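All heavy atoms count here, side chains included; hydrogens, waters and symmetry mates do not. Remember, it's a predicted structure, so these values are computed and weren't measured experimentally. In listed order, ligands and their atoms are each counted from 1. All residue numbers refer to positions in the sequence shown, counting from 1.
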Amino acid sequence: MTVFNPWEMACQQLDMVADKLNLDKGIHAKLRHCKRALIVSVPIWMDDDTVEVFEGYRVQHNLERGPAKGGIRYHPDVTLDEVKALAMWMTWKCAVVNIPYGGAKGGVVCDPTKMSLKEIEKLTRRLTSEISIIIGPEKDIPAPDVNTNPQVMSWIMDTYSMGVGYSAPGVVTGKPIEIGGSLGRHTATGRGAMLVIHEAMKHLKMKPSDTRIAIQGFGNVGSSLARYLHELGCPVVAVTDVSGGLFNEKGLDVPALLAHVERQPQRLIAGFDGGDHLAGEPAANEALFKLDVEILAPCALENQITADNAGNIRARIIAEGANGPTTPEADVILHENGVLVLPDILTNAGGVTVSYFEWVQDLQSIFWDLESIDRELTRIMTRSFHEVMAIAEREQCDLRLAAYMLGVNRVATAVKLRGVFP
Ligand code: GLU
């Protein structure tokens, strides 16, 4: 079996669109490389008075359209190639929704579920200090990703601010409201995904009450997506997380499930009694993917829908809340089977869009109300959906290729206009 490499997958996706766009060879080569990648070691005193050293990365793929932007994830499976791929996907994502950023990503190889809060704080502060040579409000602005949250962003903001000698809220987004965060940021990725799904449903003339939803992952993205789709009137019939899965053919009581998760120390769905249990991981996810539902939303990690399981999928729409959940081989199978894939670089772009609003508010020290945030997010997500759909219809291609054509073309144009230095 070949080992999955997300960077190779990201390059393969770029190559496909380069072909389609007839991209200049030099520009293609430039985009196939990351501008810079920093590897740092992060030594910290653990609670048992020993020193442990973690490996961390910050990768900036492209800065042609503006400062670099992208989250930081804490996960045992983080690799440099994964972070490079995620940085490249951020470049396209920011370009698809047309916000003035390039793409970056960061990660630390660690298992935060086995660390105390104090250890996570030390890890975050030392990581920030190590990467402070390349981050900053005008350079590269981190944000939350897998296993990082507003508290982690507070520590990044504080550590960076201590270094420069003044409060610099614009160095990071996804912060708590009290220290320069934005209303609506915490739930923005889920809200943006709901907006894209809603447009796709209208396009296919699907009624919310007849649209059954299955969601893989119940972290920040999966749980807020469940909430918004439930509010839209869609029955959310199944969800999974690392603790297993839940199924209720009449639709789960989403508000009760959210309240349950909120009460759990690790925020897991296990122990909720409002549905039947799907067997534990990975069986729960395999069962989830086979369900007879209208929409399947992978909201966890990369490499979930592959050539091995794509043929079993019965959903009409796949909505990618996660980054890179579907492999190019699976894409071909899904396209042949008539499954509409709403690609990650469009579907989960709501998070970085409200991050952009947060950064603008921080730089101007003027803060918007929630109504303005929601209105602007809706405007950008709906506009982007229709731009991508128009390309797909014109070019007779799937939405992923269409989104790539839109995003890569915008970045390539910036490269062309700026030229190659010196
Ligand atoms: N981590 C999120 C993503 O993958 C958000 C990045 C950001 O807000 O900068 O899109």
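Proximity of a side-chain donor or acceptor of R185 to a complementary backbone N or O of G351 within less than 3.5 Å is detected. The backbone N or O of I269 sits less than 3.5 Å from a side-chain atom of D241, completing a donor-acceptor pair. D145 places no side-chain N or O within 3.5 Å of a backbone atom of G71 that could act as its donor or acceptor partner.
Under 4.0 angstrom from ligand 1, there are no non-hydrogen atoms of T189. Of all the heavy atoms of K105, the ones lying under 4.0 Å from any atom of ligand 1 belong exclusively to the side chain.
Nearest-residue assignment for atom 2 (C) of ligand 1 (options A143, C94, A68, P144; heavy-atom criterion): P144. Closest heavy-atom approach to atom 3 (C) of ligand 1 within the set M153, E358, K93: this belongs to K93.
Residue pairs meeting the ring pair (Phe, Tyr, Trp, His ring centres under 6.0 Å) criterion with at least one partner in residues 129-182, sequence neighbours excluded, do not occur; the list is empty.
In this structure, the protein non-hydrogen atom closest to atom 8 (O) of ligand 1 is S355 OG, 2.6 Å. The closest protein non-hydrogen atom to atom 9 (O) of ligand 1 is K69 NZ, 2.8 Å.
Residue contacts with ligand 1 include R185, since one or more of its heavy atoms lies under 4.0 Å from the ligand.
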| task | Evaluate the criterion side chain to side chain contact (heavy atoms under 4.5 Å, CB included) for residue pair F218 and L268; output intermediate values, then yes/no. | result | CA-CA 8 Å; F218 212 67; L268 298 172; over 6 Å; no
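Close contacts of ligand 1 with M90, meaning ligand atoms under 4.0 Å from a residue heavy atom, involve 3 (C), 4 (O), 6 (C), 10 (O). Short contacts between ligand 1 and G70, defined as distances under 4.0 Å to a heavy atom of the residue, involve ligand atoms 9 (O).
When D362, I156, D158 are each tested for a side chain to side chain contact (heavy atoms under 4.5 Å, CB included) with K175, only one passes: D362.
Between D19 and V17 there is no side-chain heavy-atom pair separated by less than 4.5 Å.
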